[in-house]
Amino acid sequence: MNTLSYKTVSTNKATAQKEWIVVDAEGHNLGRFASKVAMLLRGKYKPSYSPHVDCGDNVIVINAEKINLYW
C-alpha cells in the first residue's frame, strides 16, 4: 500500500475558491433569508469547508427594502 495516498487535504487561503453571488430579498422572510445568507458567507455548504479559513462566497443582496418583516 502506498501511504502517501492517505494524506488529509486542508483548505488554505490560496486554495479557497470564492465566488460572487447575487441574491434577491424580495418576498422572503427576514430570519430565514438571513440564515441562508450567513450560510453562503461562511461557506459551510462547500465540501472543502474549513472553519479556520475564509472560504465563503461574497454575497450581494438586492431589493432588501422589500423583505418581509412579518410572517
K.L.:
Using atom types as modelled, flag every donor-acceptor pair under 3.5 Å from a side chain in residues 34-45 to any protein atom, sequence neighbours excluded.
P.N.:
residue, atom, partner, partner atom, Å
S35, OG, R32, O, 2.8
R42, NH2, Y49, OH, 2.4
Y45, OH, D57, OD2, 2.1

K.L.:
If the condition is side chain to side chain donor-acceptor pair (under 3.5 Å), which residues does T15 pass it with, not counting sequence neighbours?
P.N.:
N12
K.L.:
Pairs in or reaching into residues 58-67: which pass salt bridge (charged side-chain N to carboxylate O under 4.0 Å, His left out), with residues at least two apart or in two chains?
P.N.:
none
K.L.:
Under 4.5 Å between side-chain heavy atoms, hopping through other hydrophobics if needed: is there a path connecting L30 to V61?
P.N.:
yes
K.L.:
Return yes if some donor-acceptor pair links the side-chain N/O of N63 with the main-chain N/O of A25 below 3.5 Å, else return no.
P.N.:
no
K.L.:
Can you sort out the partners of S48 under side chain to side chain contact (heavy atoms under 4.5 Å, CB included), two or more places apart, ordered by chain and number?
P.N.:
T11, K46
K.L.:
Under a 4.5 Å cut-off applied to non-hydrogen side-chain atoms, are F33 and V23 in contact?
P.N.:
yes
K.L.:
Strictly by salt bridge (charged side-chain N to carboxylate O under 4.0 Å, His left out), give each pair with a member in residues 13-26 just once, sequence neighbours left out.
P.N.:
K18-D54
